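What follows is a set of notes on a single structure, which appears directly below.
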Amino acid sequence: MGERGQFLQRYRKAGWSHVLVVMDRPSSCFKLARLMAPYTHLHGPISCGHYSTSDPATGKPMASGFRYMKEQNGRPERWMKWFTAGRAVAMGYNVLAVDSDTVVLDDWYKRVKTPPLASINMFSQSESVMTINGGFTYIQNAKSNGPITWILYEAVHRAVRWSEDCSRLRQLSTALADKDSGLPTDDQTMLTEAMLSALAGRPLFYAVMHKLAWDSPDWKKMFPGGIQEYDNYHFNISGAKLVEKEYTQELPLSELVCDAWPCALPPPGTLSATGDKQAAFRLRTAELTMPHFGGEWPQQLGGNLFGAAGQFTRAYRAAYQDLHTALGVPLPPDPEDPATQQAAANTPKETFALLSTMDTGMACQGCDPWVRTIRGAWLESAWWSVGRYGHWHSHLYPRYRPAIGHVHVNTLESTSDTKNLILKLADLFDWKLAARAEGGSERVYYATAADKDARREHQPLVRVVAYAPGVVHSGLSKEEFLRAAEELARVALALGAVVGWPAAPCDADWVLSRWGRNLTRPIRHSVPWVHINTTDVVQPFGDSLDTLQCEWTGFMHTTCLASPPAPADTGRGLLAVELRHLLGWLPERHRQPAPDNTARLALGGPAAGAPPPPGTSNTFVHVSYADLVQLNAERLLQLLPQPEVVWVDRLVEVGGSGHGAESRYQRWNERCRALRYRTTDLRNRVNF
């Protein structure tokens with residue numbers, strides 16, 4: 001529920017009060033309404049819809065999770081989304097259909113409601129140069145009986161039909177579908193197939209046929225030329241029609257346009273002798289036509305792959321037909337009915353555009369080597385191609401940013417909870433809402449959260465041990481940084497605390513890209529931060545560019561953050577981005593080191609003498625487990641009304657065998673990749 005609340009909060013904060021959340025059952029809507037109740041005075045009541053997931057006759061859960069499907073076929077919530085969107089478009093609404101991992105970064109409507117983009121009827125994020133990603137689609141001014149309405153209808157229609165009867169598919173190849181559970185597919189595959197059909201002007205089965213492995217012998221059985229013959233034929237009549245078209249944007253929107261990402265281009269006209277403020281850009285677009293089978297199902301297309309309509313298919317069709325019967329909504333002609341061929345031919349065309357097409361990573365001509373041409377990314381883009389360079393960090397005021405972002409996929413190497421983590425790093429996560437969802441402010445961290453799958457109960461946050469600012473600095477090598485983290489973990493275990501993993505200095509050599517290591521220090525960071533290695537090593541975050549911190553990817557795994565139950569218990573950790581939030585939540589006196597909140601490392605004070613100035617020392621001060629516990633015993637006996645941060649004001653190394661904390665550390669070392677990175681061959685097997 002928290003994820004859906006975060007999604008809704010992002011859109012409502014951006015001024016989108018007309019958001020309809022599609023849920024699985026009434027109770028889910030009630031829970032969401034309760035979660036969002038404190039915000040209704042700002043944004044109004046929520047809109048939430050649901051579909052029945054239980055058989056009305058028996059009360060038992062439907063096998064498919066979606067009332068129009070006989071068998072489970074993809075994710076039910078996706079079919080509910082597109083069923084809702086399709087009917088809304090048929091009724092004349094403009095619709096933005098998105099997944100819950102999308103974010104609002106700027107004014108979408110400002111971009112698409114003015115020429116030249118106002119003439120485009122459907123925008124979808126690309127999965128490739130000719131396929132749709134189901135996470136983002138916007139439809140405007142589409143006809144209820146036009147090709148776009150048909151695409152939305154047909155995408156779900158095909159999944160419904162093949163969940164009920166896939167006998168024709170199995171006649172071609174038994175590998176295409178299971179005889180009992182139907183065709184395994186997903187929403188974006190069906191959307192792509194319907195879109196390609198509208199490009200070709202006839203029903204195609206391109207995506208379904210590619211459920212076959214490329215080297216399957218069945219290809220040659222069906223088509224003499226094998227998969228190559230099939231692909232070439234289909235591409236020529238469909239995908240080849242998606243071509244790049246050049247557009248010109250006038251002021252003031254020309255200031256937002258960028259086709260080369262990460263984008264550091266000057267505003268349009270600044271380098272022009274004529275002062276021209278226009279901006280040229282390209283989008284991969286095509287004209288959509290109403291498909292019709294034209295009286296034949298050619299064998300080179302696979303023939304007719306639909307069986308006879310069963311009860312589920314008839315019920316799905318009736319749900320659309322009701323719009324015509326009850327509301328008089330004109331619907332698209334049936335592309336399989338010979339009598340509708342002329343009506344299909346007379347249907348006006350509509351325009352479709354794919355966004356964020358990378359064209360196989362084509363380099364931008366005349367740009368720096370790390371820049372790629374990504375068409376339409378100034379409208380909508382994914383985290384990996386655009387966001388990780390700072391273009392999603394709206395609070396840092398990047399010169400260029402898309403209107404909508406889509407986290408899209410797990411793009412950080414072997415990390416946990418990647419999508420939420422990305423939102424936290426980009427300051428797009430509402431911590432207060434998370435606290436409400438989890439039942440308390442201290443429950444929002446990976447170290448404290450309950451996890452049913454891991455059989456882990458909520459664990460309290462009493463004390464956090466962290467290095468004081470400047471102890472970890474850019475002069476440390478990666479080896480020294482890792483050693484510093486290991487020793488801090490030992491201190492935390494000795495004091496019964498959670499470790500606050502240190503942020504990596506954003507100007508350390510090992511954090512930077514190869515060319516970034518040649519920059520003069522200190523580095524003045526800017527967006528895009530292409531000088532930082534965000535591909536593998538770190539992800540930046542911070543309140544400002546001057547205080548930018550970098551989260552090392554190695555810490556981003558639950559084994560370094562949460563502990564399994566005893567007797568296998570290890571240690572727990574806060575990511576640097578979580579520590580930043582905790583410090584903002586605690587009273588101001590806890591936010592900076594002071595004598596009363598700094599760990600004692602030697603008799604007479606925190607250590608033997610004053611700590612070295614920040615950013616100057618690479619020396620590790622030795623302290624034993626026994627001395628560490630004894631010196632800080634008074635602190636450990638205190639009952640705290642709220643969590644506290646215990647600062648360590650210098651690099652330490654902890655010694656002593658046989659201590660219980662060391663035993664826990666060794667168990668943790670076996671689990672947490674950050675702790676074993678330095679002393680195993682892990683460093684040779686990963687990129688971070």
Side-chain angles (χ1 to χ4, degrees), residues 1-9 23-25 27-38 77 100-101 407 410 412 414-425 428-466 489 492-493 495-501 551 555-586 639-645 664 667-668 670-675:
M1 192 56 62
E3 180 181 336
R4 291 164 179 81
Q6 290 283 339
F7 156 77
L8 189 56
Q9 189 81 323
M23 304 289 274
D24 56 349
R25 56 179 62 91
S27 61
S28 298
C29 283
F30 295 146
K31 290 176 182 177
L32 184 62
R34 285 198 299 271
L35 176 65
M36 307 304 293
E77 65 271 21
S100 60
D101 63 337
V407 179
N410 186 343
L412 303 176
S414 302
T415 55
S416 302
D417 193 35
T418 305
K419 292 188 176 184
N420 279 321
L421 180 53
I422 283 171
L423 298 174
K424 293 169 186 175
L425 291 163
L428 297 168
F429 186 82
D430 192 312
W431 292 92
K432 289 184 178 179
L433 183 66
R436 180 171 170 80
E438 297 300 327
S441 296
E442 71 169 48
R443 293 172 177 255
V444 298
Y445 308 113
Y446 298 112
T448 61
D451 187 328
K452 291 182 180 179
D453 294 335
R455 294 180 295 135
R456 187 169 61 243
E457 300 293 332
H458 161 68
Q459 295 176 286
L461 185 67
V462 177
R463 187 173 287 111
V464 178
V465 168
L493 289 171
L495 301 184
V498 173
V499 63
W501 293 122
E551 192 81 69
F555 294 132
M556 299 179 189
H557 198 276
T558 51
T559 55
C560 301
L561 306 173
S563 172
D569 55 318
T570 56
R572 296 185 289 150
L574 290 186
L575 293 170
V577 72
E578 294 181 299
L579 180 60
R580 168 182 174 239
H581 168 260
L582 175 65
L583 292 174
W585 168 46
L586 293 177
L639 295 176
L640 302 175
Q642 61 189 10
E644 72 162 356
V645 176
R664 289 181 65 200
R667 289 199 298 272
W668 202 8
E670 293 175 3
R671 288 173 50 85
C672 172
R673 63 189 190 181
L675 295 178

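What you see below is based on every heavy atom in this structure, not just the backbone, and it leaves out hydrogens, waters and symmetry mates. Only a predicted model underlies this, so the values are computations on that prediction, with no experimental measurement involved.
When all heavy atoms are compared, the tightest approach of Arg673 to Thr559 is N-OG1, 4.4 Å. For the residue pair Leu35 and Arg436, the shortest heavy atom distance occurs at O-NE, 2.8 Å. When all heavy atoms are compared, the tightest approach of Glu438 to Arg443 is O-CD, 3.0 Å. The heavy-atom pair separating Leu493 from Thr570 by the smallest distance is CD2-O, 3.7 Å. In this structure, Gly573 and Glu578 approach most closely via the heavy-atom pair O-OE1, 4.2 Å. Scanning both residues, Ala466 and Leu579, for their nearest heavy atoms gives CB-CD2, 3.8 Å.
In terms of modelled atom types and a separation under 3.5 Å, the side chain of Gln6 and the main chain of Asp430 share a donor-acceptor contact. Between the side chain of Arg572 and the backbone N or O of Leu561, no donor-acceptor pair lies under 3.5 Å. Under a 3.5 Å cut-off, the side chain of Glu442 and the backbone N or O of Pro643 do not form any donor-acceptor pair. In this structure, Trp668 contributes its side chain and Ala489 its backbone to no donor-acceptor pair below 3.5 Å.
Using cut-offs of 30° and 60° on the angle between ring planes, the pair His581 and Trp431 is parallel.
Between the CG atom of Leu8 and the CG atom of Leu433 there is a distance of 9.0 Å, given to the nearest 0.5 Å. To the nearest 0.5 angstrom, Asp417 atom CG is 10.0 Å from Ile422 atom CD1. Summarising the geometry, atom CZ belonging to Arg580 is positioned 14.0 Å from atom CG belonging to Leu574; distances are rounded to the nearest 0.5 Å.
Asp451 is not listed as a side-chain neighbour of Thr558, based on a closest heavy-atom distance of 4.5 Å or more. Under the 4.5 Å side-chain criterion, counting only non-hydrogen atoms from C-beta, Met556 is not in contact with Thr418.
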Exercise. Mind running side-chain contact (heavy atoms from CB on, under 4.5 Å) on Arg25 and Ser28 for me, showing each step along the way?
Key: CA-CA 6 Å; Arg25 56 179 62 91; Ser28 298; 3.4 Å; yes
Self-check item: Test log, rule side-chain contact (heavy atoms from CB on, under 4.5 Å), inputs Leu461 and Leu582
Solution: CA-CA 10 Å; Leu461 185 67; Leu582 175 65; 4.2 Å; yes
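In this model, a donor atom of one side chain and an acceptor atom of the other lie less than 3.5 Å apart for Ser100 and Glu3.
Dense packing is recorded around CZ of Arg664, with more than 12 heavy atoms of other residues, nucleotides or ligands lying under 6.0 Å away.
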